Amino acid sequence: MTGVTGLDRRMMLAAMGGALAAAKAPASAPVGKPHRLRPGDTVGLIEPAGFTDDLFDLAVVQETIVAMGLKPKLGKHLAERRGYLAGTDADRAADVNAMFADPDVRAVFAVRGGWGCARILPLLDFATIRANPKLLVGFSDITALHLAFAARAGFPTIHGPNAASSWPRFSWDAFRAIAFDGATPTLVNPIGHEDRLVQRSGRIRTFRGGKGTGRLLGGNLTVLAALAGTPWLPDFDGAILFLEDVGEAPYRIDRMLTQLSLAGLLGKVAGVVFGQCTNCAASEPSYGGFTVSEVLQQHFEPLGVPAFQGASIGHIASQFSLPVGVRAEIDADIGSIRLLEPAVR
């Protein structure tokens, strides 16, 4: 038998490597947008991160879905618990995969966030997910799924309230316009109605004015920073980056934005919208460091792109629904986000 030469071996290994890369890479064929929601549609409920241990809370979640005119379908492992997670990584991933494989399920809602979505990314069946575009809805830790879907699935998802959120009228109207009506609204903060000469709620802060256009990408800053340097992030070149966070001290916001800057991500974007940083004030009353707004200014102003703070995005009751992956135009002078295409068909 003729021996395998070094050249033959290198050629074989190269071929094997090419086949493996092709197997891992998403299909190049265009992916259709998810179907819009209609009254009576069935939607899946999953817990890809933290758990819900109160069955009363889950009953309220199901009633919320019914109040939307939809039919809830519970994931097989919903309400399970493993430590601070809603079951094992394999079980949580299995629920995501099952919902996207189920032809009766029109969209998939995360019940809550917490932590754990990044742990299941390697276990997701992106071939099946990509072949079955459906709206994925949620925020906070669900950011890991939104970004991975943008990178591997190629269809829009919705960064908006979780199923267990309170869903006030503002949030419901914003979601319905995008998910049911296929609208392309211009999103601006509601006008405050405080008993003050000058309103304080809903205000924005412009770091650099002007308009910017690009693909909406982002979510929770902590989750995004944790994924930097991994294969689960989409390309942010020319994107409109939107961010929010909760319970983070200003120095930690600084650290995470520094990480994104050093990783080259911030330098790629065409605009930045920072929503709300809920409970992010320094814990010490005599703290003499930077405020969150000062930290944001230090990172965003030098980028030379439109950037503002204060949009209704994040861990707040009344929040926008932002379709991740669709093109939008921001106006940093007035604090608006105008969708340039629908998220659904």
Side-chain angles (χ1 to χ4, degrees), residues 20-21 23-26 43-55 57-58 61-62 72-102 105 107-155 157-165 217-234 245-248 256 259 315 324-325:
L20 180 60
K24 290 183 176 180
V43 297
L45 293 177
I46 58 171
E47 288 188 317
F51 67 92
T52 302
D53 59 354
D54 190 329
L55 295 181
D57 289 342
L58 286 177
V61 168
Q62 294 179 70
K73 181 170 185 175
L74 277 58
K76 179 180 178 181
H77 302 286
L78 200 69
E80 291 188 7
R81 178 180 178 183
R82 184 178 178 86
Y84 44 72
L85 302 169
T88 66
D89 292 346
D91 286 344
R92 299 194 323 280
D95 277 1
V96 177
N97 292 333
M99 290 301 182
F100 278 89
D102 189 337
V105 172
V108 183
F109 284 70
V111 172
R112 54 158 297 176
W115 156 249
C117 287
R119 294 175 54 136
I120 70 173
L121 294 181
L123 304 177
L124 296 183
D125 180 0
F126 278 100
T128 297
I129 291 171
R130 183 180 176 87
N132 297 278
K134 301 176 185 182
L135 285 177
L136 170 72
V137 185
F139 81 109
S140 194
D141 195 62
I142 313 306
T143 293
L145 297 184
H146 289 309
L147 295 173
F149 276 43
R152 300 294 183 93
F155 56 79
T157 57
I158 293 183
H159 180 280
N162 294 319
S165 296
L217 293 173
N220 181 263
L221 172 59
T222 299
V223 176
L224 174 54
L227 291 178
T230 74
W232 304 104
L233 284 186
D245 222 316
V246 59
E248 296 290 352
M256 290 183 284
Q259 181 180 359
H315 289 68
V324 181

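Worth knowing before you read on, the calculation uses all heavy atoms, side chains too, and leaves out hydrogens, waters and symmetry mates. This one's a predicted model, so the numbers in the text were calculated from it and none came from an experiment.
A distance-only check finds no donor-acceptor pair linking the side chain of His146 to the backbone of Gly325 [under 3.5 Å]. Judged by distance alone, with hydrogens and angles left aside, the side-chain atoms of Lys76 form no donor-acceptor pair with the main-chain N or O of Ala94 at under 3.5 Å.
In this structure, Arg112 CZ and Phe51 CZ are separated by 7.0 Å, a value rounded to the nearest 0.5 Å. The structure places CG of Leu145 at 10.5 Å from CH2 of Trp232, a figure rounded to the nearest 0.5 Å. The CZ atom of Arg82 sits 10.0 Å away from the CZ atom of Arg92 when rounded to the nearest 0.5 Å. To the nearest 0.5 Å, atom CD1 of residue Ile158 and atom CD1 of residue Ile142 are 14.0 Å apart. In this structure, the separation between CZ on Phe100 and CG on Asp125 is 11.0 Å, given to the nearest 0.5 Å. If you take CD on Glu47 and CG on Asp91, they are separated by 12.5 Å, rounding to the nearest 0.5 Å.
Within 6.0 Å of NZ on Lys73 lie no more than 12 heavy atoms contributed by other residues, nucleotides or ligands.
Across all non-hydrogen atoms, the minimal contact from Thr222 to Glu248 is OG1-OE2, 3.2 Å. Here the closest heavy-atom approach between residue Pro48 and residue Val96 is recorded as CB-CG2, 4.4 Å. Nearest heavy atom pair, residue Thr143 against residue Gly218, reads CG2-O, 3.8 Å. Across Pro72 and Leu45, no two heavy atoms sit closer than the pair CB-CD1, 3.9 Å. Residues Leu233 and Ala228 come closest through the heavy atom pair CD1-CA, 3.8 Å. Between Asp95 and Leu78, the shortest heavy-atom contact is OD2-N, 3.7 Å.
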Inset, instruction - Using the side-chain contact (heavy atoms from CB on, under 4.5 Å) rule, take Asn97 and Leu124 through it: C-alpha gap first, then chi angles, then the decisive distance, then the call. - result: CA-CA 6 Å; Asn97 292 333; Leu124 296 183; 3.8 Å; yes
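Here the side chains of Leu217 and Val324 are in contact, with some heavy-atom distance below 4.5 Å. Taking 4.5 Å as the limit, some side-chain heavy atom of Leu74 sits within range of a side-chain heavy atom of Gln62. Side-chain contact check for Asn220 versus Asp245: some heavy-atom pair is nearer than 4.5 Å. Looking at Asn162 and Val61, their side chains never come closer than 4.5 Å, going by heavy atoms from C-beta outward.
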Which pairs would a plain distance check flag for residues 114-121, meaning a side-chain donor or acceptor within less than 3.5 Å of a matching protein atom at least two apart in sequence or in another chain?
{"unit_1": "Arg119", "atom_1": "NE", "unit_2": "Asp89", "atom_2": "OD1", "d": "3.1"}
{"unit_1": "Arg119", "atom_1": "NE", "unit_2": "Asp89", "atom_2": "OD2", "d": "3.2"}
{"unit_1": "Arg119", "atom_1": "NH2", "unit_2": "Asp89", "atom_2": "OD2", "d": "3.2"}

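Between His159 and Phe139, the ring planes lie perpendicular to each other; the angle is over 60°, past the 30° to 60° tilted range. Below 30°, between 30° and 60°, or above 60°: for Phe149 and Phe126 the angle between ring planes is above 60°, a perpendicular geometry.
Remark: Gln259 pairs with no residue by the side chain to side chain donor-acceptor pair (under 3.5 Å) rule, at least two apart or across chains. Every residue meeting the side chain to side chain donor-acceptor pair (under 3.5 Å) condition with Ser140, not counting sequence neighbours, appears here in chain and number order: His315.
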